[in-house]
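Quantities reported herein were computed from a predicted structural model and do not represent experimental measurements.
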Amino acid sequence: MLLQIGNLIVLAPKQPQAPQLIDRMATIMENENVGLTDLLSGLEAEREAIGQDKQS
């Protein structure tokens, strides 16, 4: 299955479990003018924060 999220196309081996969630994410990304690069950089920051919390 091919899914389009904004300018991103995702190839999934099966039907997504929550297509409404995908649509909602795409809408939020468009409304907030957030791109894939922004999401990925935010993900990296969150991983670092979680790693620091686990080390404490």
Side-chain angles (χ1 to χ4, degrees):
M1 161 170 247
L2 288 174
L3 304 171
Q4 183 174 358
I5 304 173
N7 292 331
L8 177 68
I9 296 178
V10 178
L11 176 62
K14 60 182 180 177
Q15 186 73 13
Q17 297 294 321
Q20 298 87 1
L21 179 60
I22 294 169
D23 290 340
R24 186 171 178 208
M25 288 175 59
T27 299
I28 291 169
M29 287 173 65
E30 289 175 13
N31 290 343
E32 298 295 325
N33 196 28
V34 173
L36 181 59
T37 303
D38 300 318
L39 291 178
L40 292 176
S41 66
L43 178 62
E44 184 176 334
E46 285 297 317
R47 285 182 178 162
E48 288 176 12
I50 290 170
Q52 290 176 358
D53 287 345
K54 287 183 178 182
Q55 291 177 358
S56 300

Q: Mark yes when over 12 heavy atoms from residues, nucleotides or ligands other than Asn31 sit less than 6.0 Å from its CG; otherwise mark no.
A: yes
**Q.** Gap separating the CD atom of Glu48 from the CD atom of Glu46, nearest 0.5 angstrom
**A.** 10.0 Å
Q | Shared-cluster residues of Leu2, by chain and number - hydrophobic side chains joined below 4.5 Å | A | Ile9, Leu11
Q. In Å, rounded to the nearest 0.5 Å, how long is the span from OG1 of Thr27 to CD1 of Ile5?
A. 11.0 Å
(Q) Test of understanding: with side-chain contact (heavy atoms from CB on, under 4.5 Å), list the residues that count as partners of Leu40, not counting sequence neighbours. (A) Leu36
Q) How about Asn7: does its CG atom have over 12 heavy atoms from other parts shown lying under 6.0 Å from it? A) no
Q.
Would a single hydrophobic cluster contain both Met29 and Leu8, if residues Ile, Leu, Val, Met, Phe, Trp and Tyr are joined by side-chain heavy-atom contacts under 4.5 Å?
A. yes
Q) Does Glu32 have any side-chain contact (heavy atoms from CB on, under 4.5 Å) partners at least two apart in sequence or in another chain, and if so, which? A) Ile28, Val34
Q | Closest non-hydrogen atom pair, Gly6 against Ala26 | A | N-CB, 4.3 Å
Q | Gln4 atom CD: more than 12 heavy-atom contacts under 6.0 Å | A | yes
